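In what follows, a single structure is set out as structure tokens and then discussed.
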Amino acid sequence: MKQRLVVSIENLNHYYGKGTLRKQVLFDINLKLHSGEVLLMKGPSGSGKTTLLTLIGGLRSAREGSLKVLDQELCGAKTKDLVRVRRDIGYIFQAHNLLESLTARQNVQMSLELHDDGKQDIRATAAEMLEKVGLAERVDYYPDNLSGGQKQRVAIARALASHPKLVLADEPTAALDSVTGRKVVELMRNLAKEQGCTILLVTHDNRIFDIAERTFEMEDGRLFERELS
Ligand code: ADP
Ligand code: MG
């Protein structure tokens with residue numbers, strides 16, 4: 001398979017606050033992610049993992065250095081360019097962020113509607129995605145009536161339904177027990193592999209370190225690649 005550069009980061013710095021409150025949280029980050037790779041990032045709380053993920057995801061503006069996502073330079077980019085790149089990214093967060101007033105199917109449909117090209121049957125595609133994550137029997141359930149693992153699987157179906165080129169997952173197993181957490185992550189990896197999409201997964205969870213092809217560690221705002229043993 002041809003390896004395409006999905007994310008390319010060079011000498012990226014990031015700061016929060018202004019004036020005397022200005023504080024640097026990312027230091028000289030360099031990172032290249034290719035198509036189809038599964039990557040894992042760990043590191044202590046407060047080390048800058050979420051900040052880096054939100055910058056890559058175009059959810060926060062990068063200002064210093066270079067951050068290219070799917071060939072778009074996000075450093076100093078205009079809002080409309082950030083919005084465009086977001087369409088090719090699937091997001092999965094620690095809290096599943098499902099809308100409680102919508103059923104599982106409607107939650108997945110919502111994401112598909114944002115990408116609607118009129119070519120697909122959104123209702124059917126949503127149900128199909130839920131089937132793939134093992135929730136065929138739960139498509140019309142509201143989040144309230146789903147377990148933590150099931151909700152996170154809906155979140156995965158929602159993130160992957162539109163075939164994003166990149167999935168950013170921020171501690172997606174944090175609220176799950178270890179067995180469920182592992183299953184959820186394996187499911188996410190298998191689906192992403194099927195679609196050739198790149199996953200960048202932030203986790204503290206020791207039990208899922210082996211699912212990735214490359215592992216990075218964030219320490220006080222600096223990123224190091226760890227050799228696999
Ligand atoms: P992690 O995800 O690894 O726990 P974060 O990226 O959330 O780390 O945070 C990195 C540092 O930036 C921490 O010191 C945190 O307090 C600070 N920080 C995070 N978000 C903000 C923000 N919106 N405004 C100011 N400081 C922030
Ligand atoms: Mg975080």
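Start at 1 with the first residue, then count along the sequence. Every number for a ligand or one of its atoms is a count from 1 in the order of the listing. Note that this is a predicted model, so its numbers are computed, not measured.
Scanning all protein heavy atoms for the shortest distance to atom 1 (P) of ligand 1 gives Gly46 N, 3.5 Å. Lys49 NZ, 2.7 Å is the protein heavy atom nearest to atom 3 (O) of ligand 1. Of the protein's non-hydrogen atoms, the one nearest atom 18 (N) of ligand 1 is Tyr16 CE1, 3.3 Å. Of the protein's heavy atoms, Thr51 OG1, 2.5 Å lies nearest to atom 6 (O) of ligand 1.
For ligand 1, the atoms lying closer than 4.0 Å to a non-hydrogen atom of Thr50 are 1 (P), 2 (O), 6 (O), 7 (O). Under a 4.0 Å criterion applied to the non-hydrogen atoms of Pro44, ligand 1 contributes the atoms 3 (O). Atoms of ligand 1 found under 4.0 Å from any heavy atom of Ser45, numbered from 1 in the order shown, are 4 (O). Of all atoms in ligand 1, listed by their number and element, those nearer than 4.0 Å to a heavy atom of Lys23 are 14 (O).
Using a 4.0 Å threshold on non-hydrogen atoms, atom 21 (C) of ligand 1 counts as touching the protein.
Salt-bridge annotation for Asp71 and Arg4: present, with a side-chain N of the basic residue lying under 4.0 Å from a carboxylate O of the acidic one. Ion pair Lys132/Glu128 not flagged as a salt bridge, since none of the NZ, NE, NH1 or NH2 atoms sits closer than 4.0 Å to an Asp/Glu carboxylate oxygen. Salt bridge absent: Glu37 and Arg189 never bring a charged side-chain N and a carboxylate O closer than 4.0 Å.
Across all non-hydrogen atoms, the minimal contact from Leu12 to Ile9 is CB-CG2, 3.5 Å.
With 3.5 Å as the limit, one finds a donor-acceptor pair spanning the side chains of Glu64 and Tyr15.
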**Request:** For side chain to side chain contact (heavy atoms under 4.5 Å, CB included), just list the numbers for His14 and Arg60, CA-CA rounded to whole Å, side-chain angles, deciding distance to a tenth of an Å, and then say yes or no.
**Result:** CA-CA 10 Å; His14 193 74; Arg60 183 186 290 293; 3.7 Å; yes

**Request:** Before giving the answer on side chain to side chain contact (heavy atoms under 4.5 Å, CB included), spell out for Ile29 and Glu10 the whole-Å C-alpha distance, their side-chain angles and the decisive distance to 0.1 Å.
**Result:** CA-CA 6 Å; Ile29 305 289; Glu10 282 169 16; over 6 Å; no

**Message:** The test is side chain to side chain contact (heavy atoms under 4.5 Å, CB included); show your working for Phe216 and Lys49 and say whether it passes.
**Reply:** CA-CA 10 Å; Phe216 297 88; Lys49 306 180 298 297; over 6 Å; no

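Remark: distances from the non-hydrogen atoms of Gly43 to ligand 1 are all 4.0 Å or more. For Gly48, the heavy-atom gap to ligand 1 drops under 4.0 angstrom.
In Val25, the part holding a heavy atom less than 4.0 Å from any atom of ligand 1 is the side chain.
In this structure, Met129 CE and Leu191 CG are separated by 5.0 Å, a value rounded to the nearest 0.5 Å. One distance of note links CG of Asp140 with CG of Asn145; it measures 12.0 Å at 0.5 Å rounding. Expressed to the nearest 0.5 Å, how far OG of Ser61 lies from CG of Leu67 amounts to 10.5 Å.
When the options Leu201, Leu200, Leu59 are evaluated for a side chain to side chain contact (heavy atoms under 4.5 Å, CB included) with Leu53, the one that passes is Leu200.
Within the protein, the N, O or S atoms sitting under 2.8 Å from the Mg ion (ligand 2) are Thr50 OG1.
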